[in-house]
Structures are given as structure tokens and as C-alpha cells.
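Everything below concerns the one structure shown next.
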Amino acid sequence: MLCLFLLLSTPQGGMPSWARTVIVANPLSAAPPDASVWHLLDETTVTLRRDGKRKIQRRLIKVVLQEAAASQAGLFVMDGDIHTRRLRRLRGYHRAPGGAFEKLDKGDLITVNTSDATSMTTQTAGVLQFNGVGKGSVIVFESEETHESLFPIVQLPLSGRQPVARRILKVISEQEGVKPIITTHAFAEWGLTPNRSADRMMLDNLPAYEPEPLSGGMDTAYPRVIIHFPTADAAHLASWDAMAAWYYRNFFSHAGPSPTVTPNQAAASTNPAAIRDEITWFRKHITYRQRYLSPARAWHPEQGEEVMRRGYGDCKDMVACLAHRLAHRKAGLLPVLANIQDGPRTTEKDLPGPAFNHLIAAVPLTAPSGLGAEIIINDTPHLLVDPTARFTPVGLLPADYQGRQLMVCLPDGAHWIAVPDTALEQESVMVNVSGRLDKVYDLTGSLEVIEAGNALGLRTLHHTGNALDLLWTFRRRYGIPAAAQITLTGSQLTKDHHLRLAFSIQWPGFLRRDIDGMRLNESLAPWQIGRLVPKDRTRQLPLAIEALPTITWNLDLYADAPLQPGIAQADLTGELRTLSWRAHTAGKQLRITLQRSGKAVRFGRSELAEGVARFEAWRQQYMAFALEGTLFREGN
Amino acid sequence: MLLLLLSLAAFSEVAFDAAVTDADWDVTAERQGQPVDAVILADHTVFLPTEIKRYRKVRILNDNGMAAAEIAERTRKIIGLKGRVVDRASGRRTIVEKERDLVTIQAYRTRGERTRTRIVVPPGLTGDCLVELSWRIPAEAGLPEGDFYRYFEVGEPWPVRLKTFRIAPSMRMRRSDFLVTRILPKKPRDPARFSDEQTSNGIIYTYRNFPSQVRHPYGRIWYDADAAYVLGFKSFPWNPVNFYDNLSALYLKQRYDKWPGPSSYKKWIKELKREQPPDPEARMTALFQALRTRIPATDLLSPEKKAAIPKHIKPKKNREDHLDHIFDLGYANPEDLGYLLYHAAMKLKIPFKMIFPSSRNSPTFHEKAYNPWLLDMGMPLFEVARGDGTFAYFAPQWQESKPPFIPMVYQGQTALRLDPYGNWRHDFVTLPTTPATHHQQVRRMTTSLQADGAMTLTLNDTGTGQYDMQARKRFFPLPQQERNDHLRDAWAERLRGWTVTNAEVTGAETHGSPIHFSVTATSQLELEGDWFAFKPFPGSRPPLSNPGVWPPNRTQHIVLPHRSVQHHTNIITVPDGWLLKGKPSWAQGNLIGEVHFKASQTGNDITVQRVIVIKEHRLNARAEPLLKRLIAWMDEANNQRIGITRGGAR
């Protein structure tokens, strides 16, 4: 009794014993400097159960080092899906600095659905929260949940915004003969050398990862661990061929029996004109909207016929609908797994897994078409078609497929393709401004925007939205100041798929006071480019610089008094970006052409120094030009 | 009228197999040359005792307009869903099927509560189609289950051709509620039309030709003279003649019943009585300060006190016991602070009146609507009359304030005033608005610039009014070291290209003195040419941000956060012979505000001053161009750099 009393009266009294040991072993004096919260232990145990479900157990101990971080530190966040995730156990313990002790359990979890304007889903986010957390608080969470999914794969991040004293990962297989495969991502780049055994991994003193600009998404930037369980029902993950063949079967078994073509006859071919007709039909009848009421829906398409009735669906639903409609033409298609936007850059060298975020189609053609997105599969020409990109001309893919790999799913295997640049729609923007600058440099005149591709997103809006949407999108993209009055006077889609918008403008302060002259508005040319990392810090995250489609501003202005540019002509050619500048004055007439463009470039952790140096070189070059170049002074 | 009867008849028995009329396809009247994504052709609501019946007919004109046809009923059931979608070009008719198209998701779950949301996305929508839907939701005496008050907006992001609200005669007769449901319309302005009819089927409020309604920056829909809504609320069953007499005597007064207080309270009052200044305002100020010291607000507790808050405070049987308990606990929530100040002021016999204000964050309060819930009854202010006919106001819930003080959300608003010394008699008042000079932000900077481009900057900030309050709210609850760390982090973020070497917060540990920030930072100018440029006020933020979107044809009033004066000075000491380039000074202004930028050199000192004044904070919609112009000037001044020529070269 006395022992028990003594135990409870210690600062760790009431905490689970595993936590007590860790807390005692980590004195606060050892905390990393500058940390606001210190994770003493972050332990995950992943167990493959006999029934095939994965059990995930987590233990987390946090110590709050700064008052300002207290409210965040009191949270434990769990994501899940009401159909496939069962929370078995959840406990939270909090010892406040004043000694008060509090316990929370499963019932205190607040769960919120994550549906939004474009998706209906059963996915939820759960939060367990302690109040009254302050500097010196010790918070312990332990959880146990089971998951089931189509893929017996578990991905775990190593750490996040807080430093971790010890990170432990345990992997257990309760199924006989199933040996888990543990792979690591980005460990070498981050110099991580875990203490490893067959089923356990331990890392000490993991630093906090600060977010940095242009890092290209969390997934690729931070180290993580991927655990595969090669179970009997995971035969579809044995190889990419197995995965592709599985997805081929899976796709057609859900997309529904086609009236005239069975899946194995999918090779029945068609011609680009017929595909164009179908995509034209999609433009009018099918809109993009997700309806994920079970997690498996991320992989199973809706029946093609039902998608036609609903008139909406996500990428695979739209491909299913296309398959259904092509079947009426006695034609077929092949499902193609892809990645766009922030999806991972999956290649055939990676371990097979569900590492895709998009589905498109490869439609077999009766004869070669000469179109950019045509590919050859087993000697047969196929056209790549993305039905979600309803307004991209048939025969091309949107520009964001640049540098991506696609996996065509054949009945018996995978066919990988690197998207060639010739398959991509070219994007560019040209803005022509003409008008009169008055005494205080207010501009009155007209402005014309010519968008090639969907460079600013205007083309999609031209089809789906209204004139105001076009106007606001243009304003936002170029940060046109509120005081500028812009009215859309016309919009027209040209034969070569360029969108031409005409505006009348009244733009107060088109030139703005700066230093001893008047500066070209920032909408056209930024005055400054910020540093990639503060001067006194070293960049940590990989660098992913996006492509900049060619943007050309042509200005033809008549000013109240003659204006002289700081620099009449400049051509900056960096490895990342290029800029060309021509400013010509004749009396009160001022003609300016400013063109900028840039390539997409990526620098991994090992090439960071070079990437940062190249960015800095461009920044210096640009700043030196911009300081003088875009500054105008009155005079002849 | 005939049209109305027809549409109502259609509603009672929706004919989903009838042909779509030409009048439904033709929306030229609603378009009027304006961009329109959809038109609400008809929207009917019927308030019944146990349910609300809904019907909606929408014409969709492009993909973006499809949102007008979706239903999301949060937390409520959708009963008897029926509907159809007709594509215009093909004539294709898709029937809405409850089992297939009604999606239920679990929206929210806690220990005691599980709520579901129902979503309907009608099938077969196209960019040119017509949608009709009818459904019902459960209600209690006209209002959705569990609602105390709810407003039904007439305006939508799309033009509305017809919207009706029918109050069935049976609605209120369900049972003898203590509170009765009142449903009141706010009438629209031209070109919209409104009618109000008494029929055997109940009262019908009809709105026609209501233009699309959009959110404007610096706007409040409540201040939009064109906005219209139907407000449903449960109110006291009193006669209008003595409604507010009853509200004060029967409802509010009893909330302020006598509270003897525990012995610790009596002792505290006794001490306060000893040092009573003669002037009522001074007495109330002293009490405000004493209460703040004795019972801090929960959100302004020191870390130690906050950590000691017990998790579960057992609810007390009555308010007296509850107040006893919190007085001994030593901290209170905003509502309880109001009670505590009231009782203490009564005990000390300080003459004051109570103010129950309406908020600019809620629909406009109308005396004659008899809707007391639009008054913030849990947040009373205390008014003390001065000898000169003016008043001092006290807001015990805002402990970070320096009295006299009225929270911004109540300034210029209508309020119910009660006299607790005068038998709780009531009248209505409009609360005053504080002038610009009340909210001043003063920043004094010095910068020394060395010949090699090395710069050292010191920055000193103080503020009054809202500026000091915001700073106090943020810094008061932190320990001193963290205050400094927090300030350093904030400025390290704002001063890109600079290294913050020191940051110190003073005055945040007590309520008596203004908060003062001081920051020191260093940087290195890159000197290449014979002149260079830098921002004289790095990290500065103008008082108004620059919203990206300003929808056209504004009718909504403009509501800025508050009037203010922002005053920045930087004295830059340069090496011998270095000169300010050009004459960068300028000033601009209009009815709303002023921007001054002034730079001059005396010897080695270049002095740059920037003053931004916001003179008005509630404006007519017609002032929008002036506001945009002012924001452009602020932006211009905030981005303006000065140039310095080295060694006398020009």
C-alpha cells in the first residue's frame, strides 16, 4: 500500500509503466535547444494478423518545452475510414506542470468527416485533446487500431515538425510463411542509419523537419518506411505485371459488362474522330466529382452505365464511362495508371504498390494517327486519353504529365511508358496592353490575354464558368491590385485552341513610386525574389522548381511626358529561368516587351548545394536587372 | 397572383412527369447581360408543426451552376426525397432516386453525439438543364429540430425568380410552448418584389426577382440594405406594448438576483469599500482593475494558473452556488465576469446602467421585431455617466482592455439599456464609436548604415486601443522568456534577409502599462553599383489588407476593422557623403483615409516617415472606389524603397 502511495505521488504516477521508464531516462536537460515540444518516444508496432488485417499500435510521449506550443501539443490526431478502420483502444494521459493528472480514452475522441465541395467520402479525421496543457506538461498517448485494405502495405513517416528522442518500429507477422519486406525511403539522403534487426528498427535523436518553400510535397521530401506483407491474397503485388493484370481485371469487373465487347476483346480498335466525338459528349454530360463511400472505391470504378446516369464521377469512373460508350462502337480501351500533381514519381524500378493517384485510358487505334499522345503497345497504336481533361484537345495530354511514367494495364502484364514531351499540350500566356498613362501614371486602355493550353486555368473556366470567373482568375494569377477596374469585353476560343480574352482597363498607379522614379507594377515583373533559405540557415529539403510556361507582356503606352527606362535591353539566361526585356521610347511613346520562361528542375538532397547555388545565381541576376531595369524616370 | 397559386398548387403535389414549360427554360430576364451560372426558378418552404416542407426548381446554365441543385442538410434527416433532372438539348429525363442519390455520411462524432449529414447530388446534371426536387425535414413548432433561432436567406449566389415561405396555421399550435415561434420577413429593395398575404393555408411571404447575392470584402451581409431573409425564432409570448418591460423585469432582472457571496467575497468587498474614489468613473475603473487582479479571465491566466485548472467543474445547482465556487477558484469565463462586476458594483453602490448590445456579427436588431436573441445578453457592458453628459463604458469580459472601452463589434450598434437602480427601466441607445486617435500604432526605428553595407536596425513599437489589446491578448499569458522568443520568431519571419539579434517585450506582465516591443536586427546590403535601394520599413504591414476579389455592383455597406493611425519613423544614419536619391516624398488622401510618405536628409541622417490614417470605418457601398484607391496608396507606400547614393555620386 505504501509502495503504491509512493509511486502515485511521484510526478509520473498514473502514467503507464512503459512511459514512466522512458520519462525518467530522459532528463529535460537533454532536450534539443529551440524545440517547443520534444517527443521522447514514438513507437509503432505493425502486426499482420491471421485474418489478414493489420494491427497498428502506437505509443507516443511528448514533453512540452514552450508555453506557446501547448495547445498543439495536447492533440493526438488519427485519420481513418469508418468502414475499414476499427479503433480498438485509445488512451491519453496528461500530467500538468502543477501536478494535476488527467486521463482520456476512446470515448473522448472527436471524429469529423473530411468531405468537401468536390468529394463525398467516409474518410474521417479524429482528434483527442487535452486542455490545460502548459510548459512542463508530459503527455502520453497509446492507441491500437486494425485496418483492412486491398493492399497489405503500411507506410509510416519517421518524424515531423518535432524532434524525436527515440523512434521505434516493430513489424510482426502472425501468418506463417509471410515475411514482411521493410523498405526505406530517403534514409541515405538524410544520413539516417537505423539500428536494425529483421523485425525492428530504431533511430535516436531524429531532428525536427521545418517546412521549406519549393520542396515538392511531403511524400517525396521526408524519410519514411514502407512495409509490404507478401500474403497469399497479395499476389497482385508480386510484380508490376501482376499488379497491372490484377487492375485490368478489377477495372472491368467493376466498370460493368460492356454490351458488345468483353474485356478480353478490349483491343478492338477505333479512330481519333470517334474518340473526339466521345470527349465532346463528356464535355457536356460528365463533370468531375468524387463519391468515395468505401475506401475500396479508390480503386474500383463505378459501373460505366451508372456514371452516364449520374453525370459525374472521378477519374476511373470517367474511364469506365468511356469504356461503356466505346463498347457501343465495338471498340475497347486499356486502363492506364498514372500520377499527376502531387502524386509520387512512381517508376517500374519501385516496388509494386498502390503508388498512383490517377487513371486514364489507352484507346487502340485502327491505324497510326500521328497524334502526339499516340503510343505503341504490342505493335498496335494506342491513343492516351484523359477524360478528366475534357477540354484538352484529343491527341494531347495536359502539361502536368511532364516527366511522368505511366503504367498501361494489359490483361497479362504491365507496359510502362515515359510520357514524351511531344505528347504534351504546350502552354503559354501573352498579355498585350495598350493605352494612355496620365500625369499620375494611371493607365486607361485595353488589355488582351492569349492563353495557350490551360496555362492559367482560363480555358476550363471558359467552358464551365462565367465571365466573372475568367476575370477574377486572371486578376488573382497576376495579383492585379484592387484599385484597377477591369471589364471583360470579349472571349473567344480560336481554332488552334487558344483562348483570347479582351478587357478594358482603368488601372490607377500602373507605374508606382520607387526610389527616385516610377516602377513597373509588380503584376508584370516582381521587384524582388526572396531567398530560398534565410542567410544563416542551410537548406534541408529537396528542391523542386516547377516549370514556368512562357509569359510575354507587350506594352504599348502613350505617356503624359517622355519616360526613360533604366535599362533598354536585357537578356538573362539562367539555367533555371530566362528573361528577355526590351524597352523602347520614342517621344511620349513607350514600348515594352517582357518575356519570362523556365524549366522544371529537381535537386535531391545530395544535389542541394548545386540547386541552391543555381537558384541564388538566378536571384542575384534578376535582382540586379530589376533594380535598374524596370525603373522609369521622366526625361528625354 | 395566379402564377403564385399555380406554383403553390404545384408544390402540394409535384408533377415530376409534366413537360417543362417555355417559361422555365427562358431565363433572359434573370441574365440581363450579367454572368449567371444558375437561376432559382422557384423555392418554397412550408413551416408545419412537425416538419418543414421544401421544394426547389433550379435552371442550370453552366457546370459551375450545378452547385445550386445540390442539397446538404447538416445533422438533419431528409424525408420523402423526389426529383428529376431534364437536359435541355436532348430532353433526357433522369429521375432522382432516394436510395441511389441520397448519400449519408457520418459528419461528427463525440462521446455523447453522433451526427450525420445528408447530401444529394442530383444525377444527370448538365451545363444546360432543369432540376426539380422536393423533400421534408423534421421540425419542432416550425423550426428545424433543436434550433432556437434560424434565418433563411432569400438571396443566393444565383438570381432567385420566386421564393416563398408559408407559415401553416397549425404551426404554433403543436403544444403550449413557453416560447412561441415567430417568423418574420425582412423586405427587399428594388428590383426585388415582396408580398405578404394571409390565406386560409396560412401566412405566405413571397419574394420575386431577387438578384444574385455575393460576399463582398470588408462587408457584412447584415448591413446590406438589399439583403433579405426570413428570421424564425422562439420568443416570449408577450404583448408588444410591454415586451421589453417584461424582458427586463421578468427575464433579465432575475438573472441578476441578489448574490450574498462567500466569506472571501465579503472580505474582498470590504477592502474595496475602504478605498473608494469619489468619482463614479474612477470607482468603476478601480473595481474593474480589482476584479481583473482577483478573478482573471480564463484566457488571460498565467501558465501556472492555467495548468492548475481542474478538468471537471461540477455544475452547480444554481447561479449563486456557481458564483461562490468560481470566486474561490480565482478565475472565470467572460459571462461570469459580467455577473461578478454587476454584483460588486451594486455592493459598492457605484451608479451605473447595464447595456445589452447587438453585435455587428449578427443580423440587425430591430426593436419592433421583438427578437431579444439578437442582443448579446451574456455579454453586458456597464455604462457610467460622467458629469459632462458623456458616458464611460466598461467591458469586464475584455480584461485586456483599458477602460473606458467598447468592443469593436458593439461600436455604433443599437443596445438595450437597463437601470438596475431604477426598477430595471429600459430604453434603447446607440453605442458610440472610438476615433482614429484611439487606436494608434507607433513604430520608431533607427538604422545605422556602414560604408561596407553593414546595417543595424532597432525597432520600437507601442500601441493604444486595439493594438495594445491584441498584443496583450497574445503576450500576457506567456512567461517572460517565451514572450521574447515569440517576438523574435515573429520578426525573424517578417524580416527576410535580416538576422534578428535581440527581441524584447516589456509591459506585458501587468495590465497597468502599455506593451512595448523592441527588436534589433542586422543585415548586409549588397553594394555593387554606385547606388542601392532598401525598404525603409521592412516587415511592416499596412492596417488594411488587399483583397483579391471585389465583386461588382456592391450594395453592401463597408465595415473596416476600426479607425486607426499607423505612424512609422526610421532615422537612417549613413556614412559621410552618402545621399538620399531623388525626392521620394508624397501624400494622398480621401474621405476614408490618408497616406503620407516623407523622406529627407539632414547631415548624415535620412529621416523617413510614413503615416497611414483610417478616418472612417463604416461606410456606404458607394465609397468602394475610395477604399480601393486608399488600399492602393497603402500598398504603394508599403512597397516603396528609398535609394541611397554612395560617396556623393549622383
Side-chain angles (χ1 to χ4, degrees), chain A residues 66-68 82 96-98 100 102 107-113 115 117 120-122 124 131-132 134-137 284-285 287 289 291 293 309-312 463-469 472 475-476 479 481-483 508-509 512-517 522 527 530-531 534-536 624 627-628, chain B residues 35-37 62-64 66-67 89 94 103 105-111 117 119 121 123-127 303-304 306-311 477-479 482 485-486 492 496-497 499 528-529 533 546-552 581-584 586 628-629 631-632 635-636 639-643:
Chain A
Q66 284 180 19
E67 190 66 30
I82 57 169
E102 191 191 344
D108 297 304
L109 189 75
I110 297 167
T111 312
V112 184
N113 187 279
S115 296
M120 292 173 270
T121 169
T122 47
T124 60
N131 295 313
K135 182 178 174 177
S137 278
K284 195 168 173 305
H285 290 99
T287 41
R289 209 177 198 297
R291 183 164 159 172
L293 299 177
R309 186 191 77 90
R310 282 186 191 168
Y312 65 88
H463 290 284
T464 62
N466 66 43
L468 272 183
D469 296 327
W472 294 121
R475 290 191 79 126
R476 270 192 292 252
R512 291 180 158 197
R513 293 170 195 88
D514 191 39
I515 307 172
D516 60 341
E522 269 203 294
W527 294 9
R531 281 172 194 279
K535 247 184 192 171
D536 48 352
L627 180 60
E628 247 319 345
Chain B
V36 172
D37 296 330
N62 65 30
D63 286 14
N64 283 3
M66 291 176 184
T94 313
V103 171
I105 56 171
Q106 183 182 289
Y108 183 78
R109 181 181 173 166
T110 60
R111 189 185 286 279
T117 292
I119 303 169
V121 178
L125 293 180
T126 66
E304 296 75 31
K306 201 198 278 173
I309 295 181
K311 165 76 177 165
L478 295 176
E482 267 194 55
D485 293 348
H486 207 56
R496 294 193 73 182
T499 307
E528 277 181 13
N546 189 357
V549 169
W550 297 81
K581 207 168 154 65
K583 293 192 177 98
W586 59 280
K628 288 176 172 178
R629 201 71 187 85
I631 289 176
D635 216 31
E636 183 164 1
N639 282 311
Q640 186 171 354
R641 291 171 291 185
I642 57 161

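Naming: A, B, ... by sequence-line order, numbering from 1 per chain. Because only heavy atoms are used, hydrogens play no part in the values below, and waters and symmetry mates are left out as well, while side chains stay in.
A side-chain donor-acceptor contact under 3.5 Å links A:Arg475 to the backbone of A:Pro481. Between the side chain of A:Glu67 and the backbone N or O of B:Pro479, no donor-acceptor pair lies under 3.5 Å.
Taking CZ from B:Arg641 and CG from A:Leu627, the interatomic distance works out to 6.0 Å, rounded to the nearest 0.5 Å. The NZ atom of B:Lys581 sits 4.5 Å away from the CG atom of A:Asp516 when rounded to the nearest 0.5 Å. Rounded to the nearest 0.5 Å, atoms CE (A:Met120) and OH (A:Tyr312) are 4.0 Å apart. Residue B:His486 holds its NE2 atom at 9.5 Å from CD of A:Gln66, rounded to the nearest 0.5 Å.
Counting heavy-atom pairs closer than 4.5 Å to chain A, the top-ranked of the candidates B:Arg629, B:Lys583, B:Met66 is B:Arg629. Ranked by heavy-atom pairs shorter than 4.5 Å toward chain A, the options B:Asp485, B:Ile631, B:Asn639, B:Leu478 are led by B:Asn639. Put simply, of A:Gly465, A:Gly530, A:Ala467, A:Gly509, the one with the most heavy-atom pairs under 4.5 Å next to chain B is A:Gly465. Interface remark: of the candidates B:Ile642, B:Thr126, B:Thr110, B:Val121, B:Val121 forms the most heavy-atom pairs closer than 4.5 Å to chain A. If you tally non-hydrogen atom pairs under 4.5 Å between each of B:Leu125, B:Asp635, B:Thr499, B:Thr94 and chain A, the highest count goes to B:Asp635. Note: A:Ala482 leads A:Ala482, A:Ala68, A:Gly311 in heavy-atom pairs under 4.5 Å with chain B. Of the listed residues (B:Pro477, B:Gly124, B:Pro547), the greatest number of heavy-atom pairs within a distance under 4.5 Å of chain A belongs to B:Gly124. For the set A:Gly517, A:Ser115, A:Pro508, the entry with the most heavy-atom pairs within less than 4.5 Å of chain B is A:Pro508. For chain B, the option among A:Thr124, A:Ile110, A:Asp469, A:Leu293 with the highest count of heavy-atom pairs below 4.5 Å is A:Ile110. Interface summary for chain B: among A:Glu522, A:Arg512, A:His463, A:Arg513, the most heavy-atom pairs under 4.5 angstrom belong to A:Arg513.
Annotation for A:Trp472 and B:Trp550: closest pair CH2-O, 2.7 Å, computed over non-hydrogen atoms.
The side-chain contact (heavy atoms from CB on, under 4.5 Å) search around B:Arg496 returns none, not counting sequence neighbours. Scored by the side-chain hydrogen bond (donor to acceptor under 3.5 Å, both in side chains) test, B:Asn546 finds no partners at all (sequence neighbours excluded).
Contact annotation for A:Lys135: only side-chain heavy atoms (C-beta onward) come within less than 4.5 Å of a heavy atom of chain B. Heavy atoms of A:Thr121 lying under 4.5 Å from chain B belong exclusively to its backbone. Interface residue B:Gln640: backbone and side-chain heavy atoms are both found under 4.5 Å from chain A. Looking at A:Arg476, only its side chain comes within 4.5 Å of chain B, counting heavy atoms on both sides. Looking at B:Ile119, only its side chain comes within 4.5 Å of chain A, counting heavy atoms on both sides. Using a 4.5 Å cut-off between heavy atoms, A:Leu109 touches chain B through its backbone atoms (N, CA, C, O) alone.
A side-chain hydrogen bond (donor to acceptor under 3.5 Å, both in side chains) with A:Asn466 is found for exactly one of B:Asn64, B:Asp37, B:Asn62, namely B:Asp37.
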